[in-house]
Amino acid sequence: MSYNVAVDGPAGAGKSTIARAVAERENLIYVDTGAMYRAMALFLLRSGVDLEDETQIAAKCQEAKITIRYEEGVQVVVLNGENVNGFLRTEQVGDAASRTSPVPEVRKNMMKLQKELAEENDCIMDGRDIGTRVLPDAQLKIYLTASVEIRARRRFEELAAKGEICDLAQIQADIEERDYRDMHREISPLVQAADAILVDTSSMGVEEVVERICEQIRRQKGR
Ligand code: DC
């Protein structure tokens, strides 16, 4: 039986940075489910469908085949045969992913792929519904969060480091909107699983958070 760690939390809580580091240290595969929803959103954006029209999205998403492969430990998202990693981490695609991911037809195939990956591999998987829906039996569940102000500042600094001009207040407003949408949708809303450990990273450094999660893993494995 595989060993699975589920990490959920709102946008900008540091899930991917932390999960990636834990994966490396504990010899787990890192599965970034947000990247899968982003790949679907990219496909829908490129297709020109109206993102407010659920019927159009439900029909069009059937034409997207999304798979995952690993190259030197890095997750590569393949959309209809194309490596799309380079297109996924923009605000536009993230926003579109938050708008299109509530559509049941979009979620269905993603969940199947995610469950299969977790069955076949010892992994740490991050997203919004991993501990609640995708891997309800995960051996360890973490709910990672931070205040909206801190998450906005981190995002601002990340974009500034890439040379992108941005407005902190606007970033915070976008994050608040995304949180609301992810937490209030009908299907698989973002919510802390009853058996998840809450980790508020507002005043914690990456290393401290990573170490805390690794400690839990080692304790569970009796190391
Ligand atoms: O984690 P992220 O920012 O890459 O995710 C982008 C969007 O995808 C997020 O706003 C909601 C959606 N998502 C989801 O619905 N379920 C997941 N398991 C992961 C992401």
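Remember, it's 1-based here, ligands and their atoms both numbered in the order they're listed.
- The single protein non-hydrogen atom nearest to atom 8 (O) of ligand 1 is Y37 CB, 3.6 Å, given as residue, atom name and distance.
- Residue R38 has at least one heavy-atom neighbour below 4.0 Å for each of these atoms of ligand 1: 2 (P), 3 (O), 4 (O), 6 (C).
- Counting only residues at least two apart or on different chains, the side chain to side chain donor-acceptor pair (under 3.5 Å) pairs with a member in residues 125-136 are Y30-D126, R107-D129, R128-D182, R133-S188.
- In E24, the CD atom is not crowded: 12 or fewer heavy atoms of neighbouring residues, nucleotides or ligands sit closer than 6.0 Å.
- Here's the thing with D32: none of its N/O atoms is less than 3.5 angstrom from an N/O atom of ligand 1.
- Annotation: atom 16 (N) of ligand 1 to nearest protein heavy atom, R107 NH2, 3.1 Å.
- The salt bridge (charged side-chain N to carboxylate O under 4.0 Å, His left out) search around R25 returns E207, E211, not counting sequence neighbours.
- Applying the 4.0 Å criterion to heavy atoms of R178 picks out, from ligand 1, the atoms 3 (O), 10 (O).
- Within the listing of ligand 1, atoms 14 (C), 15 (O), 16 (N) sit less than 4.0 angstrom from a heavy atom of R185.
- Applying the 4.0 Å criterion to heavy atoms of A97 picks out, from ligand 1, the atoms 6 (C), 7 (C), 8 (O).
- In the vicinity of S101, heavy-atom distances shorter than 4.0 Å reach the ligand 1 atoms 11 (C), 12 (C), 15 (O).
- Near T33, meaning under 4.0 Å from one of its heavy atoms, ligand 1 places the atoms 17 (C), 18 (N), 19 (C).
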